[in-house]
Colleague: 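Attaching a single structure in structure tokens format; questions to follow.
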Amino acid sequence: IQRRLAADRRANVTVFAADFLDFPLPETPYCVFANIPFAITAAIVGKLTTGTAPPRSAHLVVQREAAERFMGTPTGTLQAATLAPWFALSDVHRFQRRDFAPQPQVESVLLRIERRETPLLPATDRPRYEAMVATIFSAWKPSVEAALASIVGQQEAKALRRPLGAQGISLANRPSRFPPEGWIALYRELGKIPNAPWWPQFEEAAARLQQRQQELEKRTRAVVPQRPSPPPRR
């Protein structure tokens with residue numbers, strides 16, 4: 001490929017033959033446009049949206065259901081809630097199956113991941129924020145308030161109704177129905193007591209969840225990768 005590009009006088013293009021999940025991301029500003037293997041979508045999006053050098057934007061051809069999980073539509077997800085303060089996600093194009101040869105069995109979209117120029121929360125708050133969201137989502141309670149009460153106590157959880165209600169946010173919602181702005185507002189309210197005993201509990205619960213996810217990803221990568229989706233016809 002490199003020789004062919006050189007023959008076409010495209011000396012400004014460099015090809016790296018490597019596993020993207022092991023490849024170091026640039027430290028200078030960059031963007032991503034890729035048709036990725038659907039089997040490792042979560043791992044790729046995770047790499048692009050964490051660390052010290054996320055892209056300014058990424059456009060990825062992904063399965064429609066995967067895009068909906070990251071966007072949090074039609075229902076909220078853990079992935080969407082954790083990304084919301086730092087990234088804006090949208091599906092900017094929906095492919096027809098006939099756009100590909102051979103035609104795939106699933107629907108594909110072009111997912112745009114845009115890094116917010118002004119984050120809704122400071123980057124230093126990200127570990128605590130993600131721990132809070134992960135704990136509430138994994139608590140398997142009928143409402144955000146019930147999940148909170150299991151960590152911070154019923155009185156403390158009930159006391160949050162008024163400040164969040166003033167912002168039009170109801171703790172009676174299930175985590176999957178809690179809006180992105182609700183998670184951010186909840187974090188800000190809890191953050192008013194930075195040394196509260198519930199923060200270590202959030203972190204411990206999130207660590208357990210992360211360990212389970214990493215074990216699942218290892219098993220996924222150990223399986224023979226699915227055939228990558230073919231590029232769109234030109």
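For reference, positions follow the sequence shown, starting with 1.
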Colleague: Should the heavy atoms of other residues, nucleotides or ligands under 6.0 Å from CD of Glu65 be counted, would the total exceed 12?
Modeller: yes

Colleague: Could you give me the CA-CA distance, side-chain angles and deciding distance for Thr49 and Thr82, then say whether side-chain contact (heavy atoms from CB on, under 4.5 Å) is met?
Modeller: CA-CA 10 Å; Thr49 56; Thr82 54; over 6 Å; no

Colleague: Quick check: closest heavy atoms across Phe95 and Phe100, and the distance to 0.1 Å?
Modeller: CB-CE1, 3.6 Å

Colleague: What are the two closest heavy atoms between Pro26 and Ala53, and how far apart are they?
Modeller: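 Looks like O-CB, 3.2 Å.
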
Colleague: Got more than 12 heavy atoms from elsewhere within 6.0 Å of CZ, Arg174?
Modeller: no

Colleague: Could you check whether any side-chain heavy atom of Leu25 comes within less than 4.5 Å of a side-chain heavy atom of Tyr30, counting everything from C-beta outward?
Modeller: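 Side chain of Leu25 against side chain of Tyr30, heavy atoms only: contact under 4.5 Å found.
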
Colleague: Quick one: does any side-chain atom of Arg128 pair with a main-chain N or O of Pro194 as donor and acceptor, under 3.5 Å?
Modeller: yes

Colleague: Do the side chain of Ser170 and the main chain of Ala172 share a donor and acceptor less than 3.5 angstrom apart?
Modeller: yes

Colleague: Is any side-chain heavy atom of Pro54 closer than 4.5 Å to one of Trp86?
Modeller: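 Trp86 vs Pro54: side chains apart.
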
Colleague: Hey, can you pull the donor-acceptor pairs under 3.5 Å for the side chains in residues 72-81, sequence neighbours left out?
Modeller:
residue	atom	partner	partner atom	Å
Thr77	OG1	Arg69	O	2.4
Thr77	OG1	Ala80	N	3.1

Colleague: Measure across Gln63 and Val106 and return the closest heavy-atom pair with its distance rounded to 0.1 Å.
Modeller: NE2-CG1, 3.7 Å

Colleague: Quick check against the 3.5 Å criterion: does Trp199 have a side-chain atom that pairs as donor or acceptor with the backbone of Met132?
Modeller: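 No; zero donor-acceptor contacts below 3.5 Å.
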
Colleague: What do the steps show when you test Tyr187 against Leu120 for side-chain contact (heavy atoms from CB on, under 4.5 Å), and what is the final call?
Modeller: CA-CA 11 Å; Tyr187 175 79; Leu120 304 181; over 6 Å; no

Colleague: Mind jotting down which residue pairs meet the side chain to side chain donor-acceptor pair (under 3.5 Å) criterion with at least one end in residues 134-148? Sequence neighbours excluded, please.
Modeller: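 Every side chain to side chain donor-acceptor pair (under 3.5 Å) pair that includes a residue of residues 134-148, provided the two are not neighbours, is Glu145-Arg161.
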
Colleague: Run Phe202 and Val133 through side-chain contact (heavy atoms from CB on, under 4.5 Å) and show every step you take.
Modeller: CA-CA 9 Å; Phe202 283 146; Val133 175; over 6 Å; no

Colleague: Could you give me the CA-CA distance, side-chain angles and deciding distance for Glu68 and Val109, then say whether side-chain contact (heavy atoms from CB on, under 4.5 Å) is met?
Modeller: CA-CA 10 Å; Glu68 290 175 348; Val109 302; over 6 Å; no

Colleague: Side-chain contact, heavy-atom cut-off 4.5 Å: Pro85 with Pro119?
Modeller: no

Colleague: What pair of heavy atoms forms the shortest contact from Leu21 to Lys47, and how long is it?
Modeller: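 Looking at all heavy atoms of both residues, the closest pair is O-NZ, 3.2 Å.
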
Colleague: With sequence neighbours excluded, what pairs up with Phe137 under the ring-ring contact (aromatic ring centres under 6.0 Å, His included) test?
Modeller: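 Phe137 satisfies ring-ring contact (aromatic ring centres under 6.0 Å, His included) with Trp183 once adjacent residues are dropped.
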
Colleague: Would you say Pro37 and Ile44 make side-chain contact, with heavy atoms under 4.5 Å?
Modeller: yes

Colleague: Roughly how far, to the nearest 0.5 Å, is the CZ atom of Phe20 from the CD1 atom of Ile40?
Modeller: 9.0 Å

Colleague: Does any part of the side chain of Ile193, heavy atoms only, come nearer than 4.5 Å to the side chain of Trp198, both counted from C-beta?
Modeller: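 Trp198 vs Ile193: side chains touch.
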
Colleague: Working to the nearest 0.5 angstrom, can you tell me the gap between Leu148 CG and Glu189 CD?
Modeller: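 The distance works out to 11.5 Å.
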
Colleague: Which word best sums up how the rings of Phe23 and Phe16 line up, parallel for under 30°, tilted for 30 to 60°, or perpendicular for over 60°?
Modeller: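 Phe23 vs Phe16 ring planes: tilted.
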
Colleague: Might you point out which heavy atoms bring Ala147 and Ile136 nearest each other, and give the distance in Å?
Modeller: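 In terms of heavy atoms, the two residues are closest at CB-CG2, 3.7 Å.
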
Colleague: What heavy-atom pair brings Phe38 and Val62 nearest, and what distance separates the two atoms?
Modeller: CE2-CA, 3.5 Å

Colleague: CD1/Ile113 to CG/Leu60 distance, rounded to the nearest 0.5 angstrom?
Modeller: 5.0 Å

Colleague: Could you measure the distance from the CG atom of Leu48 to the OG atom of Ser57? Nearest 0.5 Å is fine.
Modeller: 10.5 Å

Colleague: Could you tell me whether the side chain of Gln167 and the main chain of Pro163 form a donor-acceptor pair under 3.5 Å?
Modeller: yes

Colleague: Just so I know, are the side chains of Phe70 and Asp91 near enough to count as touching, which here means a heavy-atom distance under 4.5 Å?
Modeller: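 Counting from C-beta outward, Phe70 and Asp91 never come under 4.5 Å.
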
Colleague: Taking the side chain as every heavy atom from C-beta outward, state whether Leu111 and Thr41 have any atom pair closer than 4.5 Å.
Modeller: no

Colleague: Hey, what do you get for CZ (Arg97) to CD (Glu107), rounding to the nearest 0.5 Å?
Modeller: 5.0 Å

Colleague: Less than 4.5 Å apart, side chain to side chain, heavy atoms only: is that true for Arg188 and Leu121?
Modeller: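 With C-beta onward as the side chain, the pair touches.
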
Colleague: Atom NE2 of His93 and atom CZ of Arg112: how far apart are they, to the nearest 0.5 Å?
Modeller: 13.5 Å

